Number of protein chains: 2
Amino acid sequence: MAKTIEQIANDLGLSITTVRLVLNGKAEQYRISVKTQEKISAYVEEYGYIVNHTARSLKLNKTETFGLVIPRLSNPFFSALAELMEIRCREAGYQLMICCTYGDPKYENKLVKSLEERNVDGIFVVSVDAKSQAHHIKHRNKPLVFLDRDFGVKGASCVITDNCESGYQLTSAMLNKVQQPIHFFVGDGGLPTIADRLSGYVRAMTTIGLQEDSAHTSYADHNRTQDGELMMERFIAQHQQYPLNFIASSLPILEGGLSVLRERYGHIPAQINIGTFDEHVMLSFLGNNIWSMRQDEKTLVEQAFLLMSRKVTGHKATERFVAKAELICRLGFDI
Amino acid sequence: MAKTIEQIANDLGLSITTVRLVLNGKAEQYRISVKTQEKISAYVEEYGYIVNHTARSLKLNKTETFGLVIPRLSNPFFSALAELMEIRCREAGYQLMICCTYGDPKYENKLVKSLEERNVDGIFVVSVDAKSQAHHIKHRNKPLVFLDRDFGVKGASCVITDNCESGYQLTSAMLNKVQQPIHFFVGDGGLPTIADRLSGYVRAMTTIGLQEDSAHTSYADHNRTQDGELMMERFIAQHQQYPLNFIASSLPILEGGLSVLRERYGHIPAQINIGTFDEHVMLSFLGNNIWSMRQDEKTLVEQAFLLMSRKVTGHKATERFVAKAELICRLGFDI
DNA sequence: TTGTAAGCGTTATCAA
DNA sequence: TTGATAACGCTTACAA
């Protein structure tokens with residue numbers, strides 16, 4: 001089974017070209033005799049034929065494959081991104097290769113290099129840090145499009161969300177309702193996404209006359225559940241009370257924070273007003289008032305794909321695209 | 001940039017073989033002169049060298065790539081599976097190609113075929129139905145390992161969870177506490193996973209003397225959020241009351257059911273006792289008593305990978321592996 | 001309408 | 001120690 005064109009040609013006493021033309025649907029165009037066509041299709045019916053995409057790629061120097069490098073699939077934002085990207089690529093006849101870095105720059109470099117070795121036609125990357133981003137640009141010869149995080153590296157084509165505006169909008173909406181200072185739990189502040197969200201928050205706080213105040217922000221080094229736990233525990237230790245109004249810089253931070261509340265108090269106090277980035281259906285499991293910013297993943301993916309298409313067809317320009325996020329309110333409780 | 005072995009050989013006045021041996025780390029073995037080695041590494045330092053994996057694959061007839069075909073990445077169970085599988089494959093030097101079928105058997109066939117065309121070394125499939133599974137076995141020539149769903153197709157190597165036992169355990173644990181009949185919301189009952197969970201539930205109910213009773217089960221055709229919504233709406237319409245104790249056959253069904261409750265009542269009544277399959281951290285966002293069955297994804301992945309490894313190295317045997325699930329209780333309320 | 005030959009970049013084999 | 005050459009299966013260009 002799994003015959004090659006040559007085998008078919010030999011078995012049928014035809015030439016490789018004839019078989020190939022028929023197999024590639026060019027029979028009419030080259031007016032291959034109907035008899036020959038039938039012979040070939042009968043043979044294929046019997047034994048099957050599978051294109052050898054590897055050989056094709058080698059000859060044509062393209063694999064019809066894109067790479068997607070993300071931190072992790074278990075983060076629902078990234079899995080949504082990956083899913084949409086996979087759909088978009090397939091629509092255009094591309095396969096997508098998804099790889100995870102788990103936040104390790106070493107891994108990221110290895111993966112991006114390995115994708116280039118596999119001769120993918122282009123690589124989408126959610127980079128871990130500025131240095132890695134710069135490294136890829138310098139050492140890779142494949143079209144690169146960076147997603148979600150813009151470290152301001154020169155020559156990087158980025159497609160991101162306006163996290164600054166996003167943070168401002170979220171904070172303003174909450175302030176509008178609660179009329180009190182809001183605490184901000186900051187995961188990895190080194191990430192441009194998080195830093196921007198924070199700056200938007202600060203702007204909104206100062207706009208309504210609330211001093212930017214270190215009492216209103218907690219910091220952690222990373223962006224994981226355990227960092228959220230840590231910050232919530234520190235807050236409670238310091239204030240002898242849980243925060244009445246707070247924003248988490250990302251979903252993992254929120255998860256961590258809430259799990260501490262649940263352990264401490266047996267439940268999540270319903271009067272807490274919660275703001276968060278990265279929307280998720282299960283947020284509605286909470287009984288609290290929830291404000292969340294949903295990123296426009298569809299637009300991000302579409303724009304990144306367009307940018308990539310342009311790069312694949314030879315465009316050199318560095319381009320950036322900034323998408324808007326959308327505020328989702330789940331309000332049930334009066335304040 | 002991105003020189004080929006031949007170019008390096010020409011530029012340096014060496015033969016292809018010499019360059020290749022050095023590049024592949026066989027310099028010592030073939031006792032290539034140090035001077036030659038240095039020349040080559042200096043050159044590579046300067047210009048870089050990227051293996052052409054495509055050419056290598058063509059020659060060796062293996063791609064060091066596995067395919068993983070799943071319904072969708074946005075289902076957290078599958079994204080967890082995909083993530084673990086990606087890690088496991090990478091450990092062993094394989095790349096993983098993840099593709100989603102969105103539950104469409106046509107898509108599934110196309111994808112599996114396309115993976116074979118790309119000459120992956122083996123394919124993991126979470127199949128949509130028995131027919132597709134049988135089709136792959138008949139028409140594909142690559143090692144196949146089926147995950148999560150065992151349709152009982154002859155010749156299928158499957159790695160699954162014991163959903164029957166899982167359903168029994170979950171139901172028993174809940175019954176033990178609530179001492180009342182429990183309602184079961186069944187998503188796509190045609191899936192072996194769901195059918196098994198249901199049969200475990202029925203066994204547990206009858207064991208303690210509760211008649212199997214159609215009043216205690218709701219059915220839908222699919223396994224999506226909207227099916228959960230539908231069933232919950234029908235329940236409420238029929239009973240003029242929400243279910244006090246219920247089990248959802250999967251996470252999407254649970255999400256749908258709860259969203260209806262939230263809309264109807266403004267919140268999710270905390271006294272409802274909830275059982276569900278497919279564990280998720282955000283379940284602890286709920287204020288309710290929650291019983292959930294966590295599948296042992298790690299073991300599933302490990303066993304599937306081992307099975308695949310054996311197949312890749314020529315073993316023909318059809319093997320099955322059944323993993324145990326683990327009960328997770330989140331109890332806060334007395335009953 | 002069909003056939004032939006070169007080449008994609010690697011690896012394997014045999015020779016020197 | 002190094003070099004030459006034939007594959008792998010496909011596409012392209014040109015010839016018949």
Side-chain angles (χ1 to χ4, degrees), chain A residues 1-41 43-44 47-65 114 116-121 141-142, chain B residues 1-40 43-44 47-65 114 116-121 141:
Chain A
M1 261 220 174
K3 304 280 182 178
T4 69
I5 290 185
E6 192 178 357
Q7 284 173 321
I8 300 179
N10 287 343
D11 287 5
L12 258 37
L14 296 168
S15 85
I16 295 185
T17 310
T18 309
V19 175
R20 193 174 60 80
L21 290 175
V22 173
L23 254 32
N24 289 4
K26 306 243 171 106
E28 300 312 312
Q29 198 178 327
Y30 287 85
R31 327 216 292 147
I32 310 285
S33 72
V34 176
K35 211 174 139 188
T36 308
Q37 288 187 47
E38 279 170 354
K39 251 177 32 177
I40 295 176
S41 49
Y43 186 99
V44 168
Y47 298 100
Y49 169 68
I50 294 270
V51 198
N52 187 322
H53 195 272
T54 308
R56 196 164 184 278
S57 299
L58 179 59
K59 177 66 192 173
L60 299 181
N61 192 31
K62 61 175 182 189
T63 50
E64 283 141 333
T65 303
S114 140
E116 179 164 2
E117 289 178 348
R118 277 159 192 271
N119 206 23
V120 297
D121 300 332
N141 296 298
K142 295 290 173 187
Chain B
M1 261 222 174
K3 304 280 184 181
T4 70
I5 291 185
E6 193 180 358
Q7 285 173 320
I8 300 180
N10 286 343
D11 287 6
L12 258 38
L14 296 167
S15 85
I16 295 184
T17 310
T18 309
V19 175
R20 191 173 61 80
L21 290 174
V22 173
L23 255 30
N24 290 5
K26 306 240 171 109
E28 300 311 313
Q29 196 178 328
Y30 287 86
R31 326 217 291 147
I32 310 284
S33 72
V34 176
K35 210 175 142 191
T36 308
Q37 289 187 48
E38 278 170 355
K39 253 182 18 182
I40 294 176
Y43 186 99
V44 168
Y47 299 100
Y49 169 69
I50 294 270
V51 197
N52 186 323
H53 196 271
T54 309
R56 194 163 185 277
S57 299
L58 178 60
K59 179 67 192 173
L60 299 180
N61 190 31
K62 61 175 183 187
T63 50
E64 283 142 332
T65 303
S114 141
E116 179 164 1
E117 289 177 349
R118 277 160 191 271
N119 205 24
V120 297
D121 300 332
N141 296 298

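It should be emphasised that the depicted structure is a prediction, and the values quoted were computed from it without experimental measurement. In what follows, chains are A, B, ... by sequence order, proteins preceding strands, each numbered from 1.
As judged by a 4.0 angstrom heavy-atom cut-off over every strand, A:Asn24 is placed among residues touching the sugar-phosphate backbone only. Among the atoms of the strands shown, none is found under 4.0 Å from any heavy atom of B:Ser57. Residue contacts for B:Thr17: at a heavy-atom cut-off of 4.0 Å it reaches a base atom on one of the strands shown. As judged by a 4.0 angstrom heavy-atom cut-off over every strand, B:Ile5 is placed among residues touching the sugar-phosphate backbone only.
Residue B:Thr36 places at least one side-chain N or O under 4.0 Å from the OP1 or OP2 atom of D:dT2. OP1 or OP2 of D:dC10 sits under 4.0 Å from a side-chain N or O of A:Tyr49. Considering only side-chain N and O atoms, A:Ser15 lies nowhere under 4.0 angstrom from the phosphate OP1 or OP2 of C:dT4. Contact between the side-chain N/O atoms of B:Thr18 and the OP1/OP2 oxygens of D:dT2 is not found at any separation under 4.0 Å.
B:Lys59 contributes no side-chain N or O that forms a donor-acceptor pair with the base of C:dA12 under 3.5 Å. Judged by atom type and distance alone, B:Thr54 does not reach the base of C:dT10 through any side-chain donor-acceptor pair under 3.5 Å.
Remark: the backbone N or O of B:Thr63 is paired with a side-chain donor or acceptor of B:Thr65 at under 3.5 angstrom. Between the side chain of B:Thr17 and the backbone N or O of B:Ser15, no donor-acceptor pair lies under 3.5 Å. Side-chain N or O atoms of A:Asn52 include one that pairs as donor or acceptor with a backbone N or O of A:Thr54 at under 3.5 Å.
For the pair A:Leu58 CG and C:dT11 P, the computed distance is 12 Å after rounding to whole Å. Remark: P of D:dA4 and CG of B:Asn10 are 10 Å apart, rounded to the nearest angstrom. Regarding B:Leu23, its CG atom lies at a distance of 14 Å from the P atom of D:dT2, rounded to whole Å. At whole-Å resolution of the value, CG in B:Leu21 and C1' in C:dT11 are 10 Å apart. The nearest whole Å value for the distance from the CD atom in A:Glu117 to the C1' atom in C:dC8 is 18 Å. The nearest whole Å value for the distance from the NZ atom in A:Lys26 to the C1' atom in D:dA13 is 13 Å. Atom CZ in A:Arg20 sits roughly 12 Å away from atom C1' in C:dG3 (whole-Å rounding). The interatomic distance linking A:Arg118 (CZ) with C:dT10 (C1') rounds to 15 Å, in whole Å.
No side-chain heavy atom of A:Arg56 sits less than 4.5 Å from a side-chain heavy atom of B:Glu117.
Two residues, B:Gly13 and B:Ala55, neighbour DNA chain D, and the one matched to the more 5' nucleotide by heavy-atom proximity is B:Gly13.
There is a side-chain donor-acceptor pair under 3.5 Å between A:Asn119 and A:Lys142. A donor-acceptor contact closer than 3.5 angstrom is absent between the side chains of A:Arg118 and B:Ser57.
Side-chain proximity of A:Arg56 to C:dT11, C:dG9, D:dC10: nearest is D:dC10. Counting only heavy atoms from C-beta on, A:Ile16 has its side chain closest to D:dT11 among D:dT11, C:dT10, C:dT2.
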